[in-house]
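Right, I'll just put the structure down here and ask away after.
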Amino acid sequence: MVPAMRLTLEQLKLLVESGAVQSARIRSPGLGWLIEARTAQGYVTLHTARGAPRVFASLDTAARSLKSIGIAVWQADGTLWHPEQRSLV
């Protein structure tokens, strides 16, 4: 599997504006929610400016972020989501 590229929200917005984003999804690795977008080069994962994965506390907040950069249609995957889990420790 090819590793996903790491982009900030501003960088992802530029890809959206250029028409490079084919689809988007919000998924939970178990705690919080991540944003991933599909481009012709593969998946890109939203990260902070410091390079850490951008983890959203709620699905709603992740959806609002996608909407703010022009993505209104997306998929959600909560298969691994554990709402009762408060931290990774």
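As the structure is a prediction and not an experimental result, all values here were calculated from the model.
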Identify each donor-acceptor pair in which a side-chain atom of residues 64-71 lies under 3.5 Å from a protein atom, sequence neighbours left out, and give them as a table.
unit_1 : atom_1 : unit_2 : atom_2 : d
R64    : NE     : D60    : OD2    : 2.8
S65    : OG     : T61    : O      : 3.2
S68    : OG     : S65    : O      : 2.7

**Request:** Work out which heavy atom in A62 is nearest to a heavy atom in W33; give both atom names and the distance.
**Result:** CB-CB, 4.4 Å

**Message:** Set out, in order, the CA-CA distance, both residues' side-chain angles and the distance that settles side-chain contact (heavy atoms from CB on, under 4.5 Å) for F56 and I26, then state yes or no.
**Reply:** CA-CA 10 Å; F56 294 88; I26 301 171; over 6 Å; no

**Message:** If the condition is ring pair (Phe, Tyr, Trp, His ring centres under 6.0 Å), which residues does W74 pass it with, not counting sequence neighbours?
**Reply:** none

**Request:** For residues L12 and L46, determine if any side-chain heavy atom of one lies less than 4.5 Å from a side-chain heavy atom of the other.
**Result:** yes

**Asked** Which residues, ordered by chain and number, are linked to V73 in its hydrophobic cluster, where ILVMFWY side chains connect at heavy-atom gaps below 4.5 Å, directly or through other members?
**Response** none

**Complete:** Sorted by chain and residue number, the side-chain contact (heavy atoms from CB on, under 4.5 Å) partners of T8 (sequence neighbours excluded) come out as E10, Q11

**Heavy-atom closest contact (L59 atom, A76 atom, distance)** = CD1-CB, 4.4 Å

**Prompt:** Going hydrophobic residue to hydrophobic residue with side-chain gaps under 4.5 angstrom, can you get from W81 over to V55?
**Reply:** no

**For R25, salt bridge (charged side-chain N to carboxylate O under 4.0 Å, His left out) partners two or more places apart** = E36

**Request:** Might you point out which heavy atoms bring A37 and V21 nearest each other, and give the distance in Å?
**Result:** CB-CG1, 4.0 Å

**Request:** List for me each residue that meets salt bridge (charged side-chain N to carboxylate O under 4.0 Å, His left out) alongside R54, sequence neighbours excluded, and say none if there are none.
**Result:** none

**Prompt:** How far apart are the closest heavy atoms of P29 and L80, and which atoms are they?
**Reply:** C-CB, 4.0 Å

